[in-house]
Amino acid sequence: MKETSHDLLANTPSGRANALLKVMTERGYVPEGFIDTFTHTMEVEWDPANGARVVARAWTDPEFRELLLRDGTAACQQFGYTGMQGEYIVALENTPTLQNVIVCSLCSCTAWPVLGLPPEWYKSFEFRARLVREGADVLRELGEDLPDDVVVKVWDTTAESRYMVLPVRPAGTDDWSEEELAALITKDVLIGVARPRAVDLPRGTEGV
Amino acid sequence: MKETSHDLLANTPSGRANALLKVMTERGYVPEGFIDTFTHTMEVEWDPANGARVVARAWTDPEFRELLLRDGTAACQQFGYTGMQGEYIVALENTPTLQNVIVCSLCSCTAWPVLGLPPEWYKSFEFRARLVREGADVLRELGEDLPDDVVVKVWDTTAESRYMVLPVRPAGTDDWSEEELAALITKDVLIGVARPRAVDLPRGTEGV
Amino acid sequence: MDGIHDLGGVQGFGKVPHRINSKSYKPVFHEDWEHLGYSLTVVGGGLLAAYATDELRHAIERMSARQYFSAPYFDRIIVGTATLLVEKGLITQEELDEALGSHFELAARSNNPGRPAPARANTAPFEIGDEVQVRDEHIEGHIRVPGYCRGKRGTVLHRTTVSWPFPDAIGHGQQDAAHQPTYHVEFSAKALWGEGAREGSVVVDLFEGYLTRVEAAQDSLAAQTDGT
Amino acid sequence: MDGIHDLGGVQGFGKVPHRINSKSYKPVFHEDWEHLGYSLTVVGGGLLAAYATDELRHAIERMSARQYFSAPYFDRIIVGTATLLVEKGLITQEELDEALGSHFELAARSNNPGRPAPARANTAPFEIGDEVQVRDEHIEGHIRVPGYCRGKRGTVLHRTTVSWPFPDAIGHGQQDAAHQPTYHVEFSAKALWGEGAREGSVVVDLFEGYLTRVEAAQDSLAAQTDGT
């Protein structure tokens, strides 16, 4: 893929990406193995399971919760979930009547190490245009029909703060383990377009 | 062209136009000959030469000038230049230190019977976006570098008023006939992006 | 609506593709289908009286951003016309698809009913020289206020002697739309684009319902506020 | 710049293409070239340190509206990256064209030098609970104020403990850009979108230089004005 003969490239997104790769490689700018290594980081290391572990810890450890809300970066650093696009992490605390939702109306900023790369719909013109203006309507269309007494608070990622949503722990999960709780936290929950529900999943591997 | 076999139509602007024509024709909505007649009106009858005649008359007949500025529709009606998109015509009087320029930032509204259909550049995103914000810069780029003491007044055609610019009569044209004067008035002059200049043209057919 | 069609003042656009007086403007049409744009929409809106001009404008505004910016001008007229004829039940999407031989993409449907002219009517029409303010409104449906003058103050230069149906109503097919005059309102370039703007002004043609009167007392208070 | 990328609050966009929790989000990339978007821009901006992230954002903002709205996301990253590498002299348009086998369309050049943080500095940092107002500025170059909150008033929720280079400067390659904290400023939905808006709020992350303090006296005067 990296040695593409130039007469095979169409003027398409794929063709342009491979043309730029070819030029940068020929100039000697791309270190051997860098792309494979960085792609592995993007595909495997940056994952919403990371943010899920952070949330589960905050649900079960009051001191960690306090740290997460006071200094999200330090809290995530305990798990190693910082670095590129995770330099200044801010956790947003939901309550039963407050739903925080994250967007980047100007481009696509996201806390990569905690949430993983932003999904296509998050980067869509529709989400970027509409969320700041009609947040509750957008959530309902996405499938999260909030009760009328819940206020939506939209966080537009216009500078270098990188947000993650700390959802409300669902009722009936008092005796769940951190691992079981983490399984409730999806990427959509961390972005804030969905709320975790204990009924959504069979509990752990016991199928309770 | 009107009897296009449907498997020849590509999903292009031309294809879509001909598909709509076919559907409307088959439904019986398009009267025999209407398109040819209306196209003739658009191509031949609505012409900037019309506005040029109005301007030349205003330059040579003070009473007509007063009427044109007071009731542009009535003045243009004397020539028959009203009707569709010419129902409420307003003439904008330039002075040596004031240049009026017309745009339609929201779509493409223009006084068809007086100026002719709007040209492509007038309908361009560039003109629509930039004229209201940086009028003098746009005029300079177009080739009309106004002196510093000239103020640009942009008229955005957002409702049903249809504008035409009444330029300043160039110096040295005192003994010119209406026909000779009209030859100085181009479509660009009527829109306001250009000023008439007596030196631009050989005078009349005598080549003076 | 604050749509992508509302281009006035949007930055990042390059040079206007023109040099003054470089063209004869004949022929008027450059491709053999272009005349169909206006011809067919005059059939639909004029001969069939199926929709008002503001409905056509609104249909075009409802095109997706991708479609709007990639379609040439007369193609946008065709798509807007086809959209309205389908919405009015005069033709069908299926007929269009069959005639085209592939999917004929129309503008998005509107789920907005429009609105009548604002109820808080003015006590009297505005006069030349009056200071007026454009209402700071955020209307989801069709409206003919460019975003750049929303909430701004200007001076009345002219009141039209003719009235027209209020765009926010007739643009959604409301046949009982109130008729109003429009006003040529002049805004200084600095009021619109900030103190750094070059001297100049923009005149916008605004329906009476889009405007409120700036009272002298309010004006004086605001001047104090601005100066703080 | 008030560019077409500034999408917040722009109307006419349809449904977000998603249903909650319907995806596993694996694989992360859906086409075999997509990983090159971020990989190559990290080479250019990170390893080569040829540009700051705000310069990449600005390059993408300078794409034509047609190109911006028709290009998929990672294609915009590629075009922005290629644009900057050409502008910085690290590669050439000719190399790109030859590698592609046709013209490689880049973003438009900027003729704007950017600007330093506003000189009228605040006497002290803002504190949590302070009422602030977003400066009513119309900046031609790169800026990280979404248009929907320009000139609006909000409340400070947080001041960052870290400072970053002012986007309007670093976005144009000014290496001496002042470093400032940012503030999480909460705006009520009604302040942003009018009285008809549903209860709610939007929090925008704004550099100190974008904000001014709302003094109590000014606030009181303005309240009188608004109430007139």
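In what follows, every heavy atom counts, from backbone to side chain, and hydrogens, waters and symmetry copies are set aside. Per chain, numbering begins at 1; letters A, B, ... match sequence-line order.
- For the pair B:L21/C:W33, no side-chain contact is recorded, criterion being any heavy-atom separation below 4.5 Å from C-beta on.
- Here the SG atom belonging to B:C107 is positioned 7.0 Å from the OH atom belonging to C:Y73, to the nearest 0.5 angstrom.
- For C:Y68, the parts lying under 4.5 angstrom from a heavy atom of chain B are both the backbone and the side chain.
- Chain C forms the most heavy-atom pairs under 4.5 Å with one residue out of B:P48, B:P13, B:S105, B:S108, and that residue is B:P13.
- Only the side chain of C:Y148 comes within contact range of chain B, with heavy atoms under 4.5 Å apart.
- The choice from C:S201, C:G200, C:G8 that makes the most heavy-atom pairs within less than 4.5 Å of chain B is C:S201.
- Both the backbone and the side chain of C:L40 come within contact range of chain B, with heavy atoms under 4.5 Å apart.
- When heavy atoms are compared at a cutoff of 4.5 Å, B:E87 does not approach chain C at all.
- For B:Y88 and C:T160, the side-chain atoms include no donor-acceptor pair closer than 3.5 Å.
- A distance of 8.0 Å separates CG of C:D205 from CZ of B:R162, quoted to the nearest 0.5 Å.
- Note: C:H184 and B:Y163 have perpendicular aromatic rings, judged against thresholds of 30 and 60 degrees for the angle between ring planes.
- B:M42 approaches C:S39 most closely through the heavy-atom pair CE-OG, 3.5 Å.
- Residue C:E98 holds its CD atom at 8.0 Å from CD of B:E26, rounded to the nearest 0.5 Å.
- Side chain of B:R130 to main chain of C:G14: a donor-acceptor pair is present (N/O by atom type, distance under 3.5 Å, no hydrogens or angles).
- Nearest heavy atoms, C:W164 versus B:E160: CE2-CB, 3.3 Å.
- When heavy atoms are compared at a cutoff of 4.5 Å, C:T92 approaches chain B by way of both its backbone and its side chain.
- In this structure, the separation between CZ on B:R133 and CD on C:Q11 is 3.5 Å, given to the nearest 0.5 Å.
- Both the backbone and the side chain of C:P17 come within contact range of chain B, judged by heavy atoms closer than 4.5 Å.
- Within a 6.0 Å sphere centred on CD of C:E199, other residues, nucleotides and ligands contribute 12 heavy atoms or fewer.
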Please lay out, stage by stage, how B:T186 and C:Y25 fare under the test side-chain contact (heavy atoms from CB on, under 4.5 Å).
CA-CA 10 Å; B:T186 64; C:Y25 293 115; over 6 Å; no
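- The distance between the ring centers of B:W112 and C:Y38 falls below 6.0 angstrom.
- One finds a salt bridge joining C:E186 and B:K153 here, because a Lys/Arg side-chain nitrogen approaches an Asp/Glu carboxylate oxygen to under 4.0 Å.
- At a 4.5 Å heavy-atom cutoff, the contact between C:L85 and chain B is made by side-chain atoms alone.
- For C:L192, no part sits under 4.5 Å from any heavy atom of chain B, backbone or side chain.
- Between the C:K26 side chain and the B:E43 main chain, a donor and an acceptor come within less than 3.5 Å of each other.
- Distance CG/B:D188 to OG/C:S22: 7.0 Å, rounded to 0.5 Å.
- In terms of heavy atoms, C:G9 sits closest to B:V132 at N-CG2, 3.5 Å.
- Only the side chain of C:R57 comes within contact range of chain B, with heavy atoms under 4.5 Å apart.
- Only the side chain of C:L157 comes within contact range of chain B, with heavy atoms under 4.5 Å apart.
- The environment of C:K190 atom NZ is dense: over 12 non-hydrogen atoms of other residues, nucleotides or ligands sit within 6.0 angstrom.
- Nearest approach of C:E95 to B:V23, heavy atoms of both residues: O-CG2, 3.5 Å.
- For the set C:D75, C:L48, C:V28, C:D6, the count of heavy-atom pairs under 4.5 angstrom toward chain B peaks at C:D75.
- Using a 4.5 Å cut-off between heavy atoms, C:T182 touches chain B through its side chain atoms alone.
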Please test C:L36 against B:L20 for side-chain contact (heavy atoms from CB on, under 4.5 Å), starting from the C-alpha separation and ending with a verdict.
CA-CA 9 Å; C:L36 293 172; B:L20 180 60; over 6 Å; no
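- Within the 4.5 angstrom heavy-atom criterion, atoms from both the backbone and the side chain of C:F69 approach chain B.
- If you tally non-hydrogen atom pairs under 4.5 Å between each of B:G143, B:G135, B:A129 and chain C, the highest count goes to B:A129.
- The distance from atom CZ of C:F13 to atom CD of B:E134, rounded to the nearest 0.5 Å, is 11.5 Å.
- Not a single donor-acceptor pair under 3.5 Å links the side chain of B:N11 to the backbone N or O of C:L100.
- The shortest distance between side-chain heavy atoms of B:W121 and C:R19 does not fall below 4.5 Å.
- Here B:L106 is the residue among B:V152, B:V151, B:L106 with the most heavy-atom pairs under 4.5 Å with chain C.
- The parts of C:A82 that come within reach of chain B are both its backbone and its side chain, each placing non-hydrogen atoms under 4.5 angstrom from that chain.
- Checking side-chain atoms of B:Y29 against main-chain N and O of C:L90 turns up a donor-acceptor pair under 3.5 Å.
- Heavy atoms of C:H158 lying under 4.5 Å from chain B belong exclusively to its side chain.
- Annotation: maximal heavy-atom pairing with chain C below 4.5 Å, among B:T158, B:D156, B:I191, occurs at B:T158.
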